[in-house]
Amino acid sequence: MKKLIIAAALGTLLMAPQVFAQAGNFRGFSAGLTLNVAETKTEDVFKGVSKSATDTDNNIALQLQYNMALNDVFVLGLGGTANLGDLKAGKIGTSQIKEKEAYSLYVAPGYAFNNNWLGYGKLSYLNANLDNGGGGSVKFDEGYGYGLGLQVLFTKNWFGQAEYMINQYADRTPSAGETVKLKSGIYALTAGYKF
């Protein structure tokens with residue numbers, strides 16, 4: 001029995017640095033390019049009459065993030081994204097509506113399953129402009145997003161990431177009797193480098 005306890009203790013000691021490395025492998029600053037595929041719904045309610053449209057589009061975004069290892073398996077990520085292109089948000093009448101100049105700030109708590117795989121949740125603050133196609137725009141500066149993702153380290157520095165986010169913006173009233181709503185679901189694939 002004594003030999004079994006000693007062997008278990010030695011095994012634990014030998015594995016401890018590797019276990020600590022799980023979260024430590026994801027620690028640090030990273031940058032990535034993201035391909036977003038978004039299904040965006042816009043709704044315009046004017047004096048009780050509702051018009052809505054949905055569109056699917058894609059764009060590229062820049063992601064910057066800093067991860068902290070909280071212990072051997074838990075990671076806390078803080079970061080931001082900035083869209084490098086517009087997203088179509090539906091067509092109402094003859095006007096093509098677009099989501100423009102969108103960015104997010106987020107917190108992403110994660111769990112390192114092993115040295116290379118990290119699962120995470122994400123909660124985001126969102127900001128975007130909605131161009132109505134006729135020269136007017138509505139500023140959506142009070143949005144939130146939530147979702148789940150998975151990150152895998154291919155090498156010590158290179159990683160890939162897949163996530164799904166639901167983005168919901170606060171309703172806006174650009175004119176008396178009018179309410180504009182904006183919501184989207186986004187699949188995102190990221191290729192990045194951890195410094």
Side-chain angles (χ1 to χ4, degrees), residues 30-66 76-110 118-151 159-192:
S30 66
L33 281 179
T34 301
L35 171 64
N36 290 318
V37 179
E39 182 178 71
T40 306
K41 180 179 180 181
T42 305
E43 186 176 1
D44 188 356
V45 181
F46 184 68
K47 295 185 179 179
V49 178
S50 176
K51 295 179 182 177
S52 66
T54 303
D55 217 332
T56 301
D57 199 9
N58 56 56
N59 70 358
I60 301 293
L62 174 64
Q63 172 184 290
L64 301 175
Q65 182 168 322
Y66 182 78
L76 181 63
L78 303 172
T81 63
N83 285 357
L84 302 179
D86 302 339
L87 286 172
K88 292 178 184 174
K91 202 173 207 180
I92 296 179
T94 58
S95 298
Q96 177 63 64
I97 300 167
K98 291 184 180 179
E99 181 184 309
K100 304 171 80 74
E101 301 162 4
Y103 69 87
S104 74
L105 301 173
Y106 63 82
V107 59
L118 176 75
Y120 63 90
K122 186 182 274 190
L123 183 61
S124 301
Y125 163 79
L126 307 170
N127 193 308
N129 289 323
L130 195 65
D131 186 329
N132 69 8
S137 67
V138 179
K139 186 169 185 62
F140 285 89
D141 56 359
E142 292 179 14
Y144 65 89
Y146 56 92
L148 296 172
L150 188 63
Q151 187 179 96
F159 69 89
Q161 179 177 300
E163 69 182 35
Y164 179 72
M165 294 289 293
I166 295 174
N167 292 339
Q168 176 72 58
Y169 292 87
D171 296 351
R172 287 290 176 249
T173 307
S175 63
E178 182 180 19
T179 302
V180 180
K181 302 177 181 188
L182 178 64
K183 183 177 183 178
S184 60
I186 299 176
Y187 293 97
L189 295 174
T190 302

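Counting begins at 1 with the first residue of the sequence.
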Looking at every non-hydrogen atom in both residues, tell me the closest pair between [X] and [Y] and how far apart they are.
X: Met165; Y: Gly145; answer: CE-C, 3.7 Å
X: Gly185; Y: Tyr164; answer: CA-OH, 3.6 Å
X: Glu142; Y: Tyr125; answer: CA-CE1, 4.4 Å
X: Tyr120; Y: Glu163; answer: OH-OE1, 2.6 Å
X: Thr40; Y: Ser184; answer: OG1-CB, 3.6 Å

Mind listing the side-chain donor-acceptor pairs of residues 81-91 below 3.5 Å, one per line with the distance, residues two or more places apart or on another chain?
unit_1	atom_1	unit_2	atom_2	d
Thr81	OG1	Ser104	OG	2.6
Asp86	OD2	Lys100	NZ	2.9

Report the distance from atom [atom1] of [X] to atom [atom2] of [Y], rounding to the nearest 0.5 Å.
X: Tyr187; Y: Leu35; atom1: OH; atom2: CG; value: 13.5 Å
X: Leu123; Y: Leu105; atom1: CG; atom2: CG; value: 11.5 Å
X: Tyr106; Y: Leu126; atom1: OH; atom2: CG; value: 12.5 Å
X: Asn59; Y: Ile186; atom1: CG; atom2: CD1; value: 7.5 Å
X: Glu99; Y: Asn167; atom1: CD; atom2: CG; value: 7.5 Å
X: Tyr66; Y: Leu78; atom1: OH; atom2: CG; value: 9.5 Å

Is there a side-chain contact between Ile60 and Leu33 in this structure, where contact means two heavy atoms from C-beta onward sitting under 4.5 Å apart?
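In contact.
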
Within the 4.5 Å heavy-atom criterion, are Asp171 and Glu43 side-chain neighbours or not?
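No - every pair of side-chain heavy atoms lies 4.5 Å or more apart.
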
I'd like to know whether Asn58 forms a side-chain contact (heavy atoms from CB on, under 4.5 Å) with Asn36, so could you lay out the CA-CA distance, the side-chain angles of the two residues, the decisive distance to 0.1 Å, and finally the verdict.
CA-CA 5 Å; Asn58 56 56; Asn36 290 318; 5.8 Å; no

Quick one: do Gln168 and Tyr146 satisfy side-chain hydrogen bond (donor to acceptor under 3.5 Å, both in side chains)? Show the steps, please.
CA-CA 9 Å; Gln168 176 72 58; Tyr146 56 92; over 6 Å; no

Lys98, NZ: over 12 other non-hydrogen atoms inside 6.0 angstrom:
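Check fails, neighbour count at 12 or below.
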
Whether over 12 other heavy atoms sit under 6.0 Å from Glu39 CD:
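Not more than 12 within 6.0 Å, no.
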
Stepwise side-chain contact (heavy atoms from CB on, under 4.5 Å) test for Gln96 and Asp55
CA-CA 10 Å; Gln96 177 63 64; Asp55 217 332; 3.5 Å; yes

